[in-house]
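As structure tokens, the structure follows; a few thoughts come after it.
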Amino acid sequence: MNYWIFKTEPAECSIDDFANAPEQAIVWEGVRNYQARNFLRDAVKIGDQVLIYHSSCRVIGLAGIVEVVRAAYADPSQFQTDSPYYDKTATTEQPRWTAVDLRYLTRFSQVVRLDKIKSSVMMKNHSLTQRGNRLSVMPLSKEQWQSLLDLQ
DNA sequence: GCCAACGTTGGC
DNA sequence: GCCAACGTTGGC
């Protein structure tokens with residue numbers, strides 16, 4: 001099993017959206033960065049666990065855990081002309097972007113805030129804590145995963 | 001709202 | 001293939 005952090009703006013999709021649909025598969029779409037896409041396409045597998053990180057909001061940090069219930073497939077939003085994620089260069093024969101499906105596991109009683117994450121030795125050199133980081137899909141080692149859970 | 005950092009685009 | 005310009009991200 002692999003461990004990940006997925007970044008999201010809670011105004012778009014938050015841990016509450018998962019918690020309010022506890023048995024449902026939720027489509028993780030709209031990733032439009034090649035490095036993040038490559039992780040989704042090549043490395044994110046069924047059963048992997050994912051920390052949900054809330055960005056660009058009042059309380060920035062880790063909000064809970066979800067699991068992967070469907071591995072890589074063509075992101076449907078790239079074909080939807082009315083979607084902000086529409087990509088006219090993508091075709092069903094040659095899709096450009098990748099989605100996965102996620103399902104709720106846990107919501108933290110309190111968000112593990114970014115400043116606390118930055119204080120973790122295990123996360124010192126992780127891209128999440130680097131200034132200017134924009135990657136929205138980030139791998140975690142088992143040790144990093146555990147250290148983040150221990151911050152709760 | 002500001003602005004630093006970053007990824008992408010496009011002219012050459 | 002280089003790199004300046006531009007648009008976006010994201011913490012503060």
Side-chain angles (χ1 to χ4, degrees), chain A residues 2-21 26-44 48-68 71-102 104-141 143-152:
Chain A
N2 303 309
Y3 300 98
W4 306 93
I5 296 173
F6 286 7
K7 199 187 291 182
T8 179
E9 297 187 14
E12 295 294 319
C13 178
S14 79
I15 194 67
D16 290 336
D17 297 320
F18 287 95
N20 292 335
I26 291 184
V27 182
W28 195 261
E29 62 184 6
V31 170
R32 294 293 180 270
N33 166 282
Y34 287 106
Q35 192 181 357
R37 188 278 312 267
N38 291 348
F39 281 130
L40 288 181
R41 188 188 60 191
D42 304 332
V44 173
D48 286 0
Q49 297 206 359
V50 179
L51 279 162
I52 295 295
Y53 176 87
H54 287 173
S55 69
S56 297
C57 59
R58 195 174 60 83
V59 185
I60 295 163
L62 298 168
I65 305 173
V66 301
E67 67 173 338
V68 178
Y73 62 100
D75 180 341
S77 67
Q78 68 192 306
F79 309 124
Q80 295 163 0
T81 54
D82 61 341
S83 167
Y85 302 124
Y86 175 66
D87 184 344
K88 64 180 188 319
T89 69
T91 64
T92 48
E93 292 76 23
Q94 285 206 310
R96 185 177 297 267
W97 306 109
T98 298
V100 299
D101 287 358
L102 304 174
Y104 176 72
L105 285 181
T106 307
R107 177 171 52 191
F108 297 152
S109 55
Q110 292 189 330
V111 171
V112 178
R113 290 171 180 262
L114 179 58
D115 56 356
K116 200 168 186 182
I117 298 168
K118 285 180 174 173
S119 73
S120 161
V121 176
M122 290 297 299
M123 296 301 291
K124 194 175 184 343
N125 296 314
H126 194 272
S127 55
L128 181 68
T129 58
Q130 303 307 304
R131 179 192 178 93
N133 167 50
R134 299 167 68 171
L135 191 58
S136 65
V137 175
M138 290 166 276
L140 287 171
S141 70
E143 292 74 20
Q144 288 170 331
W145 172 270
Q146 189 57 52
S147 74
L148 289 170
L149 297 190
D150 290 343
L151 291 177
Q152 280 185 87

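Order of the sequence lines sets the chain letters (A, B, ...), proteins ahead of strands, with each chain counted from 1. All values reported here derive from a predicted model rather than from experimental measurement.
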Problem set entry | Under 3.5 Å side-chain donor-acceptor pair for R96(A) and Y34(A) | yes

Exercise. What is the distance from CD of Q130(A) to C1' of dG10(C), rounded to the nearest Å?
Worked result: 15 Å

Exercise. Roughly how many Å is it from CZ in F6(A) to P in dT9(C), rounded to a whole number?
Worked result: 18 Å

Exercise. Expressed in angstrom and rounded to an integer, what is the separation of E12(A) atom CD from dG10(C) atom C1'?
Worked result: 14 Å

Exercise. Counting any heavy atom closer than 4.0 Å, what does S55(A) reach on the DNA or RNA strands: base, sugar-phosphate only, or nothing?
Worked result: sugar-phosphate

Problem set entry | Which atom of G64(A) lies closest to which atom of I15(A), heavy atoms considered | CA-CD1, 3.8 Å

For this session: Kindly say if Y53(A) contacts the phosphate of dG11(C), meaning a side-chain N or O under 4.0 Å from OP1 or OP2.
Result: yes

Seminar exercise, completed: Among the nucleotides dG7(B), dC12(C), dA5(B), whichever has the atom closest to the side chain of N33(A) is dG7(B)

Problem set entry | Whole-Å gap separating P (dT9(C)) and CG (N133(A)) | 13 Å

Exercise. Do the side chain of Q144(A) and the main chain of S141(A) share a donor and acceptor less than 3.5 angstrom apart?
Worked result: yes

Seminar exercise, completed: Rounded to whole Å, OH of Y34(A) lies from P of dT8(C) at a distance of 15 Å

Exercise. What do you reckon, are the aromatic ring centroids of Y73(A) and W97(A) less than 6.0 Å apart?
Worked result: no

For this session: Take the protein atom CZ of R58(A) and the nucleotide atom C1' of dG11(C), then report the distance between them rounded to whole Å.
Result: 15 Å

For this session: Using atom CG of D87(A) as one end and atom C1' of dT8(B) as the other, report the distance to the nearest whole Å.
Result: 13 Å

For this session: Would you kindly give the CD-to-P distance between Q35(A) and dA5(B), to the nearest whole Å?
Result: 18 Å

Problem set entry | Side-chain N or O of K7(A) closer than 4.0 Å to phosphate OP1/OP2 of dG11(C) | no

